[in-house]
Novice: 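I am attaching a structure below and will ask some questions about it afterwards.
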Amino acid sequence: MILAGVRGIYLREILILRRKLIKTLMAAAISPALFLLAFGYGVGRGTQISGVDYLAFLLPGLLTMSSMNQAYSIATEINISRFYFKVFEEYLLAPIQRWEIIIGETCYGITKGLIPVLIIGLYSLLTGVTLSFGPLFLVALLLHLTIFALLGFIAAMIVKSHSDQATINAFLITPMMFLSGTFFPVEQMPMAIRAVASIFPLTYSTQLIRAALTPGAEVNLALFGTLTVIAMVLFLIAKQIVARVEL
């Protein structure tokens, strides 16, 4: 059956997610709430950025940051499956295409990434910030989550231990969280920081999603093409890595 492998892998991951759904919800809710209190009501109270209240600027950034973390977090789960339960080896032995493994895990990452989106939507209601959850936002969000789910899959395939995973997080994910315009505009940062931010996909997805969520803001449609190219490149890299792991 076409896509049977994708469905099987995805359903397995969803069944596991159901068992820890409460913990996942709490983890997805606490971190952005703390950032919202610290930056939104602490540092940024009464501040405006680009003509909008800082809270209206901050919430889309929290949305992209939190959804990135959840989509990328499949890396840890895949590693546990690989190192302790040998589940990935079973996938390789199963009569399914290798790209089905990638898509199945990516779809799971996208699903996890949707959890903080719903939570940030609730926070926007509680804070009185109007966000526009329209079609452009949905497309941008799908590209955003696809990229970081693929990045999580790739990271899981290349590491040899959990300490390696922590190293990748420290040198890639953490800097991306703070330097990609989630909390402060990239344009206000020093030139060297802007150069670093330009290589992070989160910089482009945050810019696009923030514009799509902000009523009346101009959306740079070229960013859709940029994110699509990034997603396609990451998918091709993932295919090459799976082929090497199989050998």
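Numbering of residues begins at 1 and proceeds along the displayed sequence. Since we're looking at a predicted model, the values are computed, not measured.
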Novice: Mind running side-chain contact (heavy atoms from CB on, under 4.5 Å) on Ile241 and Arg244 for me, showing each step along the way?
Specialist: CA-CA 5 Å; Ile241 291 176; Arg244 290 208 305 267; 3.9 Å; yes

Novice: For the CE atom of Met191 and the CD1 atom of Ile193, what is their distance to the nearest 0.5 Å?
Specialist: 11.5 Å

Novice: Of all the heavy-atom pairs spanning Arg210 and Thr214, show the shortest one and how long it is.
Specialist: O-OG1, 2.7 Å

Novice: Quick one, Ser180 with Tyr204, criterion side-chain hydrogen bond (donor to acceptor under 3.5 Å, both in side chains). Give me CA distance, side-chain angles, the key distance, then yes/no.
Specialist: CA-CA 8 Å; Ser180 297; Tyr204 304 105; over 6 Å; no

Novice: How many angstroms lie between atom CE of Met68 and atom OG of Ser73, to the nearest 0.5 angstrom?
Specialist: 10.5 Å

Novice: Which residue pairs pass the salt bridge (Lys or Arg N to Asp or Glu O under 4.0 Å) test with at least one member in residues 60-77, sequence neighbours excluded?
Specialist: Lys20-Glu77, Glu77-Lys112

Novice: With ILVMFWY side chains joined below 4.5 Å, transitively, what does Ile22's cluster contain besides itself?
Specialist: Met26

Novice: Who else is in the cluster with Ile30 when I, L, V, M, F, W and Y are joined by side-chain contacts under 4.5 Å?
Specialist: Leu34

Novice: Please report, to 0.1 Å, the donor-acceptor pairs under 3.5 Å made by any side chain of residues 133-150, with sequence neighbours excluded.
Specialist:
| unit_1 | atom_1 | unit_2 | atom_2 | d |
| --- | --- | --- | --- | --- |
| His144 | ND1 | Ser205 | OG | 2.9 |
| His144 | NE2 | Thr64 | O | 3.2 |
| His144 | NE2 | Ser67 | OG | 2.9 |
| Thr146 | OG1 | Leu142 | O | 2.7 |

Novice: Run the side-chain donor-acceptor check on residues 223-235: report pairs under 3.5 Å with partners two or more places apart or on a different chain.
Specialist:
| unit_1 | atom_1 | unit_2 | atom_2 | d |
| --- | --- | --- | --- | --- |
| Thr226 | OG1 | Ala222 | O | 3.3 |
| Thr228 | OG1 | Phe224 | O | 2.7 |

Novice: Going by the side chain to side chain contact (heavy atoms under 4.5 Å, CB included) test, name the single residue among Ile9, Ile74, Ile16, Ile103 that passes it with Tyr108.
Specialist: Ile74

Novice: Can the ring centroids of Tyr54 and Phe39 be said to lie less than 6.0 angstrom from one another?
Specialist: no

Novice: Taking side-chain contact (heavy atoms from CB on, under 4.5 Å) as the test, write out the residues that go with Pro175, two or more places apart.
Specialist: Leu179, Phe200

Novice: Which atom names give the shortest non-hydrogen contact between Ala155 and Ile168, and what distance separates them?
Specialist: CB-CD1, 4.2 Å

